[in-house]
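A quick write-up on the structure given underneath.
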2 protein chains.
Amino acid sequence: MGKQMTEMLKGTLEGIVLALLTGKPAYGYEITTLLREQGFSDIAEGTVYALLVRIEQKGLVDVEKRPSEKGPPRKVYSLNDQGRQELQEFWKTWTFLSERIEQLNGKEK
Amino acid sequence: MGKQMTEMLKGTLEGIVLALLTGKPAYGYEITTLLREQGFSDIAEGTVYALLVRIEQKGLVDVEKRPSEKGPPRKVYSLNDQGRQELQEFWKTWTFLSERIEQLNGKEK
DNA sequence: ACTAGTACATAGTAGCGCTAAGTAGTGGAA
DNA sequence: TTCCACTACTTAGCGCTACTATGTACTAGT
């Protein structure tokens, strides 16, 4: 990751993961793969797992352990009501910020 | 500031300030005021000054000291070539990130 | 036995915005 | 003339988050 991207992900990655979880539950390894496919090609595994621990402790997701055919058991995370609410606030904050920034983009030159 | 916004500003605030500096030089107090007017209503003064120290040390801006009629001398910052280059990279990173996130926004629901 | 892929965990580090407290200068109100 | 408000800049310490690095554990193929 570039250093810029690393800093920018602070505060947005949580929202991104919550958004990924909307509709369909997922487990850590799966989420990491998804993120990498969607362009965050060198997201660190540890980053994702640490984030998942965090959002679980904040009570934004429900967790269920399920056996895997190919390795250790998976921890499947699904968004709960509190998580959905947090996600909504994420969108509000994001929209606000991105509007200001886009405005600055227009101004220069 | 909400905690979400605080985290989101990490990595974007520097770009925002660099963008503000495009075209017209400005000093710290002025930049803080500008940011507050543009919606970042409770940006901490210390945050801005610390950021200015940082971008000066990274060599992204030129600094000139000018007397003020109303207080201590001002430190006027202007974007230099390296700063303009950094700003360009900021836009690239921002565009990439915001496209991914906007895409997620469309997907849900 | 070895390797690769799947799956999760965590201690330590760096970077950045915030808090809080300070210094310094000017002008107006009490 | 004392006090306050505004202007203007500085900096130590804190909390949060992504990254680095390393480890554990299970399965399947060679």
Side-chain angles (χ1 to χ4, degrees), chain A residues 1-18 25-36 40-58 60-61 63-77 86 90 93 97, chain B residues 1-18 25-36 40-58 60-61 63-77 86 90 93 97:
Chain A
M1 281 285 156
K3 222 193 292 177
Q4 265 191 355
M5 183 57 88
T6 291
E7 288 308 319
M8 248 185 238
L9 282 177
K10 295 184 182 176
T12 54
L13 187 57
E14 181 180 307
I16 291 171
V17 170
L18 292 179
Y27 55 97
Y29 191 80
E30 190 185 6
I31 293 171
T32 306
T33 309
L34 266 169
L35 287 171
R36 290 192 172 143
F40 303 100
S41 43
D42 29 37
I43 266 274
E45 253 196 295
T47 298
V48 176
Y49 287 113
L51 188 154
L52 290 172
V53 168
R54 229 157 52 223
I55 64 176
E56 183 186 353
Q57 266 157 6
K58 286 204 253 176
L60 308 179
V61 286
V63 190
E64 195 192 346
K65 210 163 225 174
R66 277 191 226 160
S68 161
E69 328 78 49
K70 297 174 151 187
R74 297 165 173 166
K75 281 179 74 177
V76 178
Y77 295 84
E86 180 80 0
F90 167 76
T93 309
L97 181 61
Chain B
M1 280 285 157
K3 221 195 293 175
Q4 267 191 355
M5 183 57 89
T6 291
E7 288 307 320
M8 244 184 242
L9 282 177
K10 293 183 183 178
T12 54
L13 188 57
E14 181 181 305
I16 291 172
V17 169
L18 291 179
Y27 54 96
Y29 191 80
E30 188 185 6
I31 292 170
T32 306
T33 308
L34 265 168
L35 287 170
R36 291 194 171 141
F40 304 100
S41 43
D42 29 37
I43 266 274
E45 254 196 294
T47 299
V48 176
Y49 287 112
L51 189 154
L52 291 172
V53 168
R54 227 158 51 226
I55 62 176
E56 182 186 353
Q57 265 157 7
K58 285 204 252 175
L60 309 179
V61 286
V63 191
E64 195 193 344
K65 211 163 227 175
R66 277 191 226 158
S68 161
E69 328 78 47
K70 295 175 152 189
R74 297 164 174 166
K75 281 178 75 176
V76 178
Y77 295 84
E86 179 80 1
F90 166 76
T93 309
L97 181 62

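A note on names: the letters A, B, ... follow the listed sequences, proteins ahead of strands, and every chain is numbered from 1.
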Both A/E69 and B/E69 contact DNA chain C. Taking the nearest nucleotide for each, which residue is further toward the 5' end? A/E69
I'd like to know if A/E56 pairs up with A/K75 as an ion pair, taking the criterion as any Lys NZ or Arg NE/NH1/NH2 lying under 4.0 Å from an Asp or Glu carboxylate oxygen. yes
Classify the nucleic acid contact of B/E30 as base, sugar-phosphate or nothing, counting any heavy atom under 4.0 Å across all strands shown. nothing
Does B/K70 place a side-chain N or O at less than 4.0 Å from the phosphate oxygens OP1/OP2 of D/dA5? no
When we call it a touch if two heavy atoms are under 4.0 Å apart, what does B/T6 touch: a base, just sugar-phosphate, or nothing? sugar-phosphate
Between B/I55 (CD1) and C/dG15 (C1'), how many Å, whole number? 16 Å
d(CE, B/M8; P, D/dC16) in whole Å: 17 Å
Quick check on D/dA8: is either OP1 or OP2 less than 4.0 Å from any side-chain nitrogen or oxygen of B/Y27? yes
What integer distance in Å separates A/E7:CD from D/dC19:P? 9 Å
Strictly below 4.0 Å: does A/Y29 bring a side-chain N or O up to OP1 or OP2 of C/dT6? yes
Take the protein atom CD of B/E56 and the nucleotide atom P of D/dC9, then report the distance between them rounded to whole Å. 12 Å
How close or far is atom P of D/dA8 from atom CD1 of B/I43, stated in whole angstroms? 18 Å
Which heavy atom in A/I16 sits nearest to a heavy atom in A/F40, and how many Å separate them? CD1-CZ, 3.9 Å
Side-chain contact test, heavy atoms from C-beta onward, threshold under 4.5 Å: evaluate it for A/T47 versus A/T32 and give yes or no. no
How do A/A44 and A/P73 order along DNA chain D: which one's closest nucleotide is nearer the 5' end? A/A44
Take A/E14 and A/G46, find for each the nucleotide of DNA chain D with the closest heavy atom, and name the residue whose nucleotide sits nearer the 5' end. A/E14
What does B/L13 touch in the nucleic acid at a heavy-atom separation under 4.0 angstrom: a base, only the sugar-phosphate, or nothing? sugar-phosphate
Rounded to whole Å, how long is the line connecting atom CG of B/D42 with atom P of C/dA20? 14 Å
Write down the distance between CD (B/E45) and P (D/dT7), rounded to a whole number of angstrom. 10 Å
Would the base of C/dG15 count as contacting A/K3 through its side chain, where contact means a donor and an acceptor less than 3.5 Å apart? no
Measure the CZ-CD distance between B/R36 and B/E45 for me, rounded to the nearest 0.5 Å. 6.0 Å
Compare the minimum distances between each of D/dA25, C/dC8, D/dA18 and the side chain of A/T47, then state the nucleotide with the smallest one. D/dA18
When rounded to whole Å, the NZ to C1' distance for the pair A/K58 and D/dT17 reads 10 Å
Measuring to OP1 and OP2 of C/dT6, would you say a side-chain N or O of A/S68 lies under 4.0 angstrom away? no
Do B/K10 and D/dC16 have a side chain to base donor-acceptor pair shorter than 3.5 Å? yes
Ignoring backbone atoms, establish whether B/Y49 has a side-chain N or O less than 4.0 Å from OP1 or OP2 of D/dT10. no
Give a yes or no on this: more than 12 heavy atoms of other residues, nucleotides or ligands lie within 6.0 Å of atom NZ of B/K70. no
Check the phosphate of C/dC16 against B/R54, side-chain N and O only, distance under 4.0 Å to OP1 or OP2. Yes or no? yes
Between OH of A/Y77 and CG of A/L52, what distance do you get to the nearest 0.5 Å? 4.5 Å
